[in-house]
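Have a look at the structure below before the remarks.
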Amino acid sequence: MTHKNAYLNAAMIGAALLSIVVSARGVGRAAAPAAPMLPAAAAPPAAFATCNACHNTAKSEPNGVGPNLFGVVGRAAGTRPGYAYSPAMKGSNIRWARAKLDAFLADPKGVVPGTKMMIPGIKDAAKRGEIISYLETLK
Ligand code: HEC
């Protein structure tokens with residue numbers, strides 16, 4: 001082995017060690033509770049404050065008064081594991097696409113008669129739109 005090669009080898013080992021240290025730090029961060037592999041979660045719009053009282057949104061959080069809403073867009077209604085839905089919600093046959101969410105948030109009892117989500121409904125379409133756009137980021 002020439003001196004030049006020995007030097008290159010030492011440099012490569014150094015680089016490898018450095019990358020191990022860097023990735024070990026990355027792993028440390030990955031163990032943190034809030035979805036660390038994703039860029040910082042989108043901040044909820046002000047209108048979501050109403051929902052927050054009853055709904056968690058991070059993947060690892062438990063259900064609250066209402067089911068956790070992580071991944072709700074595209075999911076069949078009444079199917080979040082571990083949550084005791086009303087028979088009305090379980091039997092609703094809804095899949096939560098944008099238009100359905102919009103109708104439900106405007107008038108929960110109108111879209112799912114017998115639901116136990118007891119809010120009067122969000123009358124402001126722009127606010128519903130902001131809320132639904134936020135829900136879409138929860139995946
Ligand atoms: C007072 C508590 C409360 C508030 C406030 C509330 N919810 Fe709910 N929500 C519930 C409950 C309870 C259910 C379960 C309904 C059922 O089983 O009939 C529910 C169900 C839902 C579902 C269906 C979830 C699924 O897994 O099928 C969605 C979507 C939802 N809420 C969105 C919202 C949004 C968005 C807001 C804010 C505008 C909101 N909720 C405000 C209590 C609440």
Side-chain angles (χ1 to χ4, degrees):
M1 190 188 289
T2 66
H3 281 300
K4 193 176 169 202
N5 276 343
Y7 173 76
L8 281 177
N9 281 342
M12 282 165 66
I13 289 167
L17 284 176
L18 188 65
S19 73
I20 288 167
V21 169
V22 168
S23 59
R25 287 199 179 156
V27 169
R29 235 181 269 122
M37 303 310 286
L38 300 170
F48 193 76
T50 330
C51 323
N52 246 341
C54 298
H55 292 285
N56 282 326
T57 54
K59 188 177 186 178
S60 58
E61 288 177 316
N63 295 310
V65 173
N68 186 315
L69 295 179
F70 182 86
V72 73
V73 178
R75 153 170 113 198
T79 57
R80 169 86 188 182
Y83 184 78
Y85 288 93
S86 65
M89 185 62 78
K90 267 196 273 187
S92 68
N93 269 321
I94 287 172
R95 187 164 292 275
W96 291 123
R98 232 190 135 92
K100 267 294 177 199
L101 280 166
D102 190 61
F104 178 67
L105 294 181
D107 182 12
K109 285 184 276 296
V111 173
V112 182
T115 181
K116 59 177 188 174
M117 175 155 142
M118 294 297 179
I119 65 164
I122 309 286
K123 297 306 169 205
D124 182 334
K127 283 187 181 161
R128 291 196 308 272
E130 287 173 23
I131 290 170
I132 296 165
S133 294
Y134 170 66
L135 293 177
E136 285 178 329
T137 70
L138 304 176
K139 57 188 175 193

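- The closest donor-acceptor contact from the side chain of T137 to the backbone of Y134 lies under 3.5 Å.
- Within the 4.5 Å cutoff, no side-chain heavy atoms of V73 are placed close to those of W96.
- Taking all atoms of both residues into account, the shortest heavy-atom contact from A88 to P113 is CB-O, 3.2 Å.
- Rounding to the nearest 0.5 Å gives a distance of 5.0 Å between CD1 of I122 and OG1 of T50.
- Separation of atoms CG (D107) and OG1 (T115) is listed at 11.0 Å; rounding is to 0.5 Å.
- Here the closest heavy-atom approach between residue E136 and residue R98 is recorded as OE1-NH1, 2.9 Å.
- For the residue pair N63 and N68, the shortest heavy atom distance occurs at OD1-N, 2.7 Å.
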- May I have the step-by-step check of side chain to side chain contact (heavy atoms under 4.5 Å, CB included) for V111 and I94, ending in yes or no? CA-CA 10 Å; V111 173; I94 287 172; 4.0 Å; yes
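- Residues H55 and M117 have side chains in contact (heavy-atom distance under 4.5 Å, counting atoms from C-beta outward).
- Rounding to the nearest 0.5 angstrom, the gap separating the CG atom in L69 from the CD atom in E61 is 10.5 Å.
- At least one side-chain heavy atom of F48 sits less than 4.5 Å from a side-chain heavy atom of L135.
- Within the 4.5 Å cutoff, the side chain of F70 has heavy atoms near those of the R80 side chain.
- Pairing each heavy atom of A77 with each of M89, the nearest pair is CB-SD, 3.9 Å.
- The shortest heavy-atom contact between V65 and Y83 is O-OH, 2.6 Å.
- In terms of modelled atom types and a separation under 3.5 Å, the side chain of N56 and the main chain of A58 share no donor-acceptor contact.
- Around atom NZ of K127, no more than 12 heavy atoms belonging to other residues, nucleotides or ligands sit under 6.0 Å away.
- The minimum heavy-atom distance between G121 and P108, with the atom names listed, is CA-CD, 3.7 Å.
- To the nearest 0.5 Å, atom SG of residue C54 and atom NZ of residue K116 are 11.0 Å apart.
- Counted within 6.0 Å of NZ on K109, heavy atoms from surrounding residues, nucleotides or ligands total more than 12; the atom is thus considered enclosed.
- Between I131 and C51 there is a side-chain heavy-atom pair separated by less than 4.5 Å.
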